[in-house]
Amino acid sequence: MTTRCRNRYSESSRRARCRDAARFFPIIILLSKPYYLFPRHSDLAAYVTWLVVNLALLCLIPLLLRRRLVRLGKAVLNLWLLACLALFPIFVALIQGQDSILLLFLYCLACADLERGSELAAGTWLASGLYKYHLVLPFVLPLWRRKKLMAGFLSVAVILGFISLAVTGWQGLLGYPRYVWGTEHDLKYVLNSPHGNTANLRGLIAAVVPVSHPEIRTGLIVSLSAIVLAISCWQ
Amino acid sequence: MIMWTAGKTSWADSSRPRALLALNLVGTVLVSYHIYVHDLSILFPAVAFVLEIRAFPPTDSTHEQGGVRLRGHPLLQPLYIVLTLRYRQLQVMAGVLLMVFLGLLSLVRTPPGQTAATG
């Protein structure tokens with residue numbers, strides 16, 4: 001969201017937009033802070049810096065994964081790096097300067113720690129990815145029986161919650177659910193449109209069920225999502 | 001590719017936790033209320049785990065064979081590219097992910113020592 005701010009608006013409106021974005025994704029403001037260190041807020045310098053950071057994280061991912069994979073781990077490192085870059089979503093994230101690679105890196109750290117048996121550390125890494133909470137909470141929920149993991153997760157989540165509160169205040173925090181609800185019903189919020197660009201159950205059902213039957217659509221999304229979550233929790 | 005690998009080989013001792021992690025990752029993508037193409041990058045560990053568990057018999061141990069597995073991984077890319085750039089119908093990917101989810105579920109539920117016919 002902050003990247004989108006940088007690209008589309010003039011300096012004054014961009015700052016306002018970024019403040020606006022920070023209101024809704026408060027933790028992410030910590031990532032965008034270094035942007036203001038660049039002289040005259042150079043977009044190119046910020047983009048190149050973030051690209052370098054992303055590439056560095058991408059280079060670390062194979063080191064984390066291949067250590068634990070007996071068979072795939074035998075493949076040479078260069079091939080792993082090529083495989084990372086060849087995954088289209090990763091390539092898009094690099095080009096657009098998205099923060100998804102950071103989340104991927106945190107997931108890899110968590111997976112490595114889970115395999116090593118360090119559940120507390122895994123929980124803290126997963127909580128660090130809460131800036132995209134909708135991509136972390138469904139992963140953590142089925143792991144609720146792992147007490148150490150949940151302890152690590154909740155402790156970092158509480159800290160991040162306080163930081164978010166300090167950034168936005170109560171007004172911003174309480175206004176967030178209303179904002180999300182608003183994006184569902186206002187076409188100007190293209191970011192939350194399920195038409196054509198969302199590879200999840202919501203997008204799939206939206207493509208199959210006609211717009212004239214919103215109640216069927218909602219019912220199917222809720223029930224199918226509940227089934228998928230229940231299956232994950234049950235295993 | 002994932003579905004093909006998911007039905008390929010026998011169960012390894014350490015495979016169940018990895019299959020569960022992959023199952024969780026795919027499930028997370030499916031139930032997430034908002035997701036763009038770049039967010040699908042979190043599936044990379046799931047792809048690696050599935051390939052590790054099911055792609056080739058455990059007796060394969062040479063560097064070359066490991067390399068072949070990773071070379072097969074980019075075969076997924078045309079699907080992403082065509083759905084995203086050409087047709088703008090990325091939600092079709094959710095159908096594929098749903099089938100992968102079911103394949104992984106079958107893999108997780110198969111008792112150790114048996115070969116699951118999944119995918």
- Message: Do A:Phe139 and B:Ile42 have side chains that approach each other closer than 4.5 Å (heavy atoms only, starting at C-beta)?
- Response: no

- Where on A:Leu114 is there a heavy atom nearer than 4.5 Å to chain B: the side chain, the backbone, both, or neither? side chain

- Are B:Phe49 and A:Cys111 close enough that some pair of their side-chain heavy atoms sits under 4.5 Å apart? yes

- Closest heavy-atom contact between A:Ser232 and B:Asn24? CB-OD1, 3.6 Å

- Query: So what's closer than 4.5 Å to chain B heavy atoms on A:Tyr107: side chain, backbone, both or neither?
  - Reply: side chain

- Message: For the CD1 atom of A:Ile227 and the CG atom of B:Leu30, what is their distance to the nearest 0.5 Å?
- Response: 12.5 Å

- Item | Shortest non-hydrogen separation from A:Pro138 to B:Val31 and the atoms involved | CB-CG2, 3.5 Å

- Flag the pair A:Phe88 / B:Leu40 as yes when at least one side-chain heavy-atom distance between them is below 4.5 Å, and no otherwise. no

- Task: Say whether A:Asn200 and B:Ser32, considering side chains only, have a donor N or O and an acceptor N or O under 3.5 Å apart.
- Result: no

- Message: Main chain of A:Leu72, side chain of B:Glu52: is a donor-acceptor contact present, judged purely on distance under 3.5 Å?
- Response: yes

- chain A interface, residue from B:Ala48, B:Gly95, B:Ala94, B:Gly27 that has the most non-hydrogen pairs under 4.5 Å: B:Ala94

- Message: Just verifying a value: how many Å separate A:Phe105 CZ and B:Phe44 CZ, rounded to the nearest 0.5 Å?
- Response: 13.5 Å

- Could you walk me through whether A:Val92 and B:Tyr36 pass the side chain to side chain contact (heavy atoms under 4.5 Å, CB included) test, one step at a time? CA-CA 10 Å; A:Val92 170; B:Tyr36 274 138; over 6 Å; no

- Heavy-atom closest pair (B:Pro45 atom, A:Cys108 atom, distance to 0.1 Å) is CG-SG, 3.8 Å

- Is the closest side-chain heavy-atom distance between B:Gln91 and A:Arg202 below 4.5 Å? no

- Message: At a heavy-atom distance under 4.5 Å, which candidate from A:Ala93, A:Ala226, A:Ala199 has the highest pair count against chain B?
- Response: A:Ala199

- Go through the atoms of A:Leu65 and report whether side chain, backbone, both or neither lie under 4.5 Å from a heavy atom of chain B. side chain

- Message: As an exercise: rank A:Val228, A:Leu69, A:Leu141 by heavy-atom pairs under 4.5 Å with chain B and give me the winner.
- Response: A:Leu69

- Task: Would you please classify the geometry between the A:His134 ring and the B:His34 ring as parallel, tilted or perpendicular, with 30° and 60° separating the classes?
- Result: tilted

- Query: Tell me, side chain or backbone of A:Ile61 under 4.5 Å from chain B's heavy atoms, or both, or neither?
  - Reply: side chain

- Message: I'd like to check A:Leu201 versus B:Leu98 (side-chain heavy atoms, cut-off strictly below 4.5 Å). Are they in contact?
- Response: yes

- Note on the structure: d(A:Leu104 CG, B:Asp39 CG) to nearest 0.5 Å is 11.0 Å

